[in-house]
Every structure is written in C-alpha cells, then in structure tokens.
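These notes are about the structure you will find just below.
Both counts, for ligands and for their atoms, begin at 1 and track the order of listing. Quick caveat, the model's predicted, so the values are computed rather than measured.
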Amino acid sequence: MSASTRKTALTAEDIRAMKGQSPIVSLTAYTTPMAQLMDDHCDFVLVGDSVGMVLHGLPSTLGVTMDMMVMHGAAVARGLKRAMMVIDMPFGSYEQGPEQAFANAARLMAETGAAAVKLEGGVEMADTIRFLVKRGIPVMAHIGLTPQSINTLGGYKVQGRDEAAKPLISDARAVTDAGAFAVVLEKVPANLADQVTEIIDIPTIGIGASVGCDGQVLVVDDMLGFFGAFKPKFVKRYAELGPAAEEAIAEYAAEVRARAFPGEEHIFADHAPKKD
Ligand code: KIV
C-alpha cells in the first residue's frame, strides 16, 4: 500500500503490514512546510531528536527536551494528512522506567497528534516497549548506533561488527517480542541488516544499513544538502540547497548594499492603483 493512495493517515498496523510488500519510505521533518512537501511521498514522517543538531545548533541529541519535541511535533502534524507521524522520545524522558516512559509518551501523543513514539535501545528497553504497547502506544524501536548513547558507545561508530553481531540480533528479537511495530537499524553492516530483516517479522528501517531493509529513513536536511556539520557516508545528497540558499542570501546582501533592492516592482505608489 502506498501513502499516496490513502485518504486518511497511515497507522502503525499499515506500516507493519508493508513488510515484504513494498519498501517503506521515511524522512525526518521538524516544521509544517517540510511536512507538507513530504506528505504525498513518505509512508511515515519522523520528528527526530536530530532536530537539536539540525535546527538548534546543539552538538548532539542529548540536549533535546520534551518541550522542543512537543513544539516541533505539533508543527509537523499540521503539515500531514496521509503519512503516519512518529515522534522521538528525547534523552532522559524514558530510560528511568516504564512509568516515566508512559507519562512522556502519552504527553507527546496527546500534545502533538503523533501516532507512535520511537525510543532507542534493544534488550534493555524491551520491558518499557511492552509496557507502552500494552497501554495503547505504538512503539518504533531504534537499535545499532543509538545517538543518545554516544558517550557510552565512544562516538558515532558502526555497530554490530564481528562479535557485536550477536547482541544486535538479540536486540532485534527483544524489541520484536516486546511488541514494537518496526525497528530502525542505524549504521550497522549491510549483511547483518539483511540477516535481521530476514529473522524478525516487523519492518526494519535502515539508515546506514542495507538496501535490503524493509524501508529507509534519512535526516531531511542531510539529504537536501542543508546541514553541513556532518556528512556521514550513508547520506546521499539529493540536492545542495544549503549552497543555493547562501548564494541567494549573498545576492540579496549585495543588492541591498548597492541600493538595487527593492526595485520599482517591489514598492508602493502614493495613490492606490487598480491592483497592488
Ligand atoms: O533523530 C533522528 O533523526 C533519527 C533518525 C536518524 C532515525 O532518529
């Protein structure tokens, strides 16, 4: 089923049912206009905590707050009609235990209209995922490179190589058994991503994983060439809008300094013409 043939928003069940049918398309979004551009093309839109780095200039996702997620989530929801909206639980909002996770997930869903939450972690988060799902909150899991744990992972490294493959498979099984409807695999070897996709019966959503995953997600500002701070190998630049925007800004600045802007067509006469 493709997002563009649906009249109402896709649900977690719809996304889950796409496994083995058609590739699931997803991007992150943080604002209404960007969400509007994606609505016809994405099956789900992720309000990622990458917003902290992409829009707020933070050095990592660790400083992202619940209030930031609520504000950006509500903005994205206003731009979506068809695509499902998934929202990230920020660092510190769920790790204490299932009750804390439920309170914050319920707030994210109630105040933004998100249809599901995403949280990072595998085996260690299984009880929390089970608790949320049993209480009506669809959960997307996120394993492999989990950016909220960079301080314990030692940086943004590939996860699951060599002897680390087994624990990653255990994570995938654990989140599946706990009731997650899909799982993001970030920065894991392609063969391992294919193996996980084969083993578990929920969709795998790859980012720096494998073309064989059930779906793909990218940070929109990365793929549009807006966000230059990071250029991970797994990002394909589909456009270079950052340099194009800077060129336009430089042209505007030059025209203002040369008193070439505003032109005749941008200013108003003393007396009203037929049409302004
Ligand atoms: O926050 C985010 O953008 C994400 C994606 C990288 C999957 O979690």
### Task
May I ask you to identify, for T61, whether its side chain, its backbone, both or neither come under 4.0 Å of ligand 1 on a heavy-atom basis?
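Neither part.
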### Message
Residue-level breakdown please: for V51 versus ligand 1, do any non-hydrogen atoms fall below 4.0 Å on the side chain, on the backbone, on both, or on neither?
### Response
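Within the 4.0 Å criterion, V51 makes no contact with ligand 1.
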Using a 4.0 Å cut-off to any heavy atom of [X], which atoms of ligand 1 qualify?
X    : value
I207 : 6 (C)
L46  : 4 (C), 5 (C), 7 (C), 8 (O)
G48  : 1 (O), 2 (C), 3 (O)
T28  : 3 (O)
V219 : 3 (O)
K118 : 4 (C), 8 (O)
H142 : 8 (O)

#### Entry: NZ/NE/NH1/NH2 to OD/OE distance under 4.0 Å, R173 and D201
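Looking at R173 and D201, the cut-off is not met.
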### Query
Closest non-hydrogen protein atom to atom 3 (O) of ligand 1, residue and atom name please, with distance?
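Closest protein heavy atom to atom 3 (O) of ligand 1: S50 OG, 2.5 Å.
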### Query
Does F261 have R259 sitting over its ring (NZ/CZ under 6.0 Å from centre, angle to axis within 45°)?
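Not satisfied by the 6.0 Å and 45° rule.
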Step through the shown structure and confirm whether more than 12 heavy atoms of other residues, nucleotides or ligands are within 6.0 Å of [atom1] on [X].
X    : atom1 : answer
Q96  : CD    : no
D177 : CG    : yes
R107 : CZ    : yes

#### Entry: T197 side chain to T204 side chain, donor-acceptor N/O pair below 3.5 angstrom
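Short answer, yes.
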#### Entry: Distance-only side-chain donor-acceptor flag, E186 / Y156, under 3.5 Å
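Distance-only check fails for E186 and Y156.
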